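Each ligand, and each atom within it, is numbered from 1 in the order the structure gives. Fair warning: this is a prediction, and the values are worked out from it, not measured in the lab.
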Amino acid sequence: MTALPEPADLGSQLAYWDGVGATKTFTHPVDHDWLAGVRRDARVLDYGCGYGRVMAELAERGFTDVSGVDLSPALIERGRRSRPDLEFAVLESPPGLERAPASVDLVLLFAVLTCVPDDAGQRALVAELRRVLAPGGLLYVSEPVRQDDERNRSRYAAHAERFGTPYGVFTTDDGAVCRHHDLPSLRGLLSDFEPVRERTIDVTTMNGHRSQAVQLLVRLRPEAA
Ligand SMILES: C[S@@+](CC[C@H](N)C(=O)[O-])C[C@H]1O[C@@H](n2cnc3c(N)ncnc32)[C@H](O)[C@@H]1O
């Protein structure tokens with residue numbers, strides 16, 4: 001059985017993402033119609049890019065300035081092997097980005113907040129994305145939301161009882177500590193952004209379960225830039 005990560009490591013869980021996590025298939029779909037109005041030379045950053053699945057889709061649709069960062073060297077290596085033409089970098093000290101303020105036009109954040117179970121870690125991540133986004137920049141978030149089936153309810157309750165974590169945090173069968181948000185708290189986390197598009201979808205999780213997810217396209221409010 002995989003050991004639980006130390007509490008201080010919950011914001012990154014590098015051992016998980018560099019181990020079994022690096023063998024997974026990620027599936028959250030991109031709605032390319034949402035990005036139809038974005039210039040093809042927009043500066044695009046995929047935060048928590050994994051092996052570059054989403055970056056590859058954007059490059060294939062004509063985006064010319066796409067780069068991705070991830071805390072896992074193993075996933076970045078996998079991405080570089082499959083798409084040597086794309087620009088990958090390992091995040092040495094997440095969520096800190098080696099980017100100037102206001103230097104990115106579009107950030108993709110696909111199934112990443114779920115890997116950062118605590119409120120402070122999530123707020124720090126969103127604040128860093130806000131720092132690098134240009135005024136009027138877009139953030140496209142895809143996140144699994146809190147599920148109402150028995151398997152999920154019991155693992156949320158078990159984790160909360162054992163570790164005192166917010167309801168919605170749980171341990172996967174293979175040892176990652178993840179979080180499922182309710183939609184209002186996710187919207188609250190993004191309160192410096194104005195909504196552009198939103199949809200609810202069904203996805204297959206990296207462990208093969210069906211789950212409901214939400215996608216939000218939001219724009220940085222001018223006063224928050
Ligand atoms: C479920 S995968 C999704 C990967 C990719 N976004 C996709 O949809 O194909 C989550 C990714 O987030 C990365 N990750 C987890 N916590 C992170 C953090 N604190 N900072 C940066 N990346 C993180 C993991 O290494 C993993 O690649």
Side-chain angles (χ1 to χ4, degrees), residues 5-32 34-35 44-60 66-83 86-99 104 106-129 131-132 139-145 169-181 189 201 203-209 211 213-216:
E6 291 296 317
D9 189 34
L10 285 183
S12 65
Q13 304 187 73
L14 181 56
Y16 178 85
W17 292 110
D18 243 13
V20 67
T23 67
K24 305 281 180 180
T25 298
F26 308 129
T27 66
H28 287 215
V30 183
D31 188 332
H32 290 283
W34 285 11
L35 304 178
V44 181
L45 173 68
D46 188 354
Y47 185 100
C49 62
Y51 51 87
R53 171 188 76 88
V54 173
M55 295 161 65
E57 281 194 31
L58 265 64
E60 271 142 31
V66 182
S67 56
V69 294
D70 200 285
L71 65 86
S72 161
L75 275 160
I76 289 292
E77 184 49 34
R78 182 176 159 192
R80 284 183 176 138
R81 268 200 313 274
S82 67
R83 288 301 301 250
L86 297 178
E87 196 182 315
F88 291 93
V90 176
L91 262 184
E92 299 298 344
S93 173
L97 292 162
E98 289 186 16
R99 296 271 186 150
V104 177
L106 167 64
V107 173
L108 302 155
L109 189 65
F110 269 51
V112 180
L113 287 171
T114 185
C115 314
V116 182
D118 68 300
D119 289 330
Q122 295 200 345
R123 280 197 298 268
L125 169 45
V126 172
E128 180 63 352
L129 300 182
R131 181 186 74 77
V132 298
L139 171 62
Y140 186 166
V141 179
S142 188
E143 266 293 293
V145 284
V169 178
F170 61 96
T171 309
T172 64
D173 293 341
D174 55 6
V177 180
C178 295
R179 181 171 185 175
H180 286 165
H181 269 284
L189 189 64
I201 53 173
V203 293
T204 302
T205 70
M206 63 181 182
N207 287 331
H209 300 289
S211 177
V214 68
Q215 296 200 324
L216 302 141

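Between the side chain of Glu143 and the backbone N or O of Leu113, at least one donor-acceptor pair lies under 3.5 Å.
Contact atoms of ligand 1 toward Cys115: 10 (C), 15 (C), 16 (N) (distance under 4.0 Å to a heavy atom of the residue). Shown in contact with Cys49 at under 4.0 Å from a heavy atom are these atoms of ligand 1, numbered in order with element: 5 (C). Residue Leu91 has at least one heavy-atom neighbour below 4.0 Å for each of these atoms of ligand 1: 21 (C). Counting the atoms of ligand 1 from 1 in the order shown, those under 4.0 Å from a heavy atom of Pro94 are 20 (N).
More than 12 heavy atoms of other shown residues, nucleotides or ligands fall within 6.0 angstrom of atom CD in Glu77.
The shortest N or O to N or O distance between Gly48 and ligand 1 is under 3.5 Å. Backbone and side-chain nitrogen or oxygen atoms of Arg53 are examined, and one is located within less than 3.5 angstrom of a nitrogen or oxygen of ligand 1. Distances between N or O atoms of Phe110 and those of ligand 1 include at least one value under 3.5 Å.
Remark: Thr204 engages Thr27, Arg210 in a side-chain contact (heavy atoms from CB on, under 4.5 Å) (not counting sequence neighbours).
With rounding to the nearest 0.5 Å, the separation of CD in Glu98 from CD in Glu92 is 7.5 Å.
Under the 4.0 Å criterion applied to side-chain N and carboxylate O atoms, Lys24 and Asp174 are assigned as salt-bridge partners.
Looking only at side-chain heavy atoms (C-beta outward), Arg99 and Ser67 come within less than 4.5 Å of each other.
The residue among Val30, Val203, Leu75, Leu71 with a heavy atom at the shortest distance from atom 23 (C) of ligand 1 is Leu71. If you check each of Tyr47, Trp17, Phe26 against atom 21 (C) of ligand 1, the one with the closest non-hydrogen atom is Tyr47. Remark: among candidates Asp70, Val69, Leu125, the nearest residue to atom 25 (O) of ligand 1 is Asp70, based on non-hydrogen atoms.
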Sequence neighbours left out, cut at 3.5 Å: what donor-acceptor pairs do the side chains of residues 46-53 make with other protein atoms?
unit_1 : atom_1 : unit_2 : atom_2 : d
Tyr51  : OH     : Phe26  : N      : 3.0
Arg53  : NE     : Phe26  : O      : 3.2
Arg53  : NH1    : His28  : O      : 2.8
Arg53  : NH2    : His28  : O      : 2.9

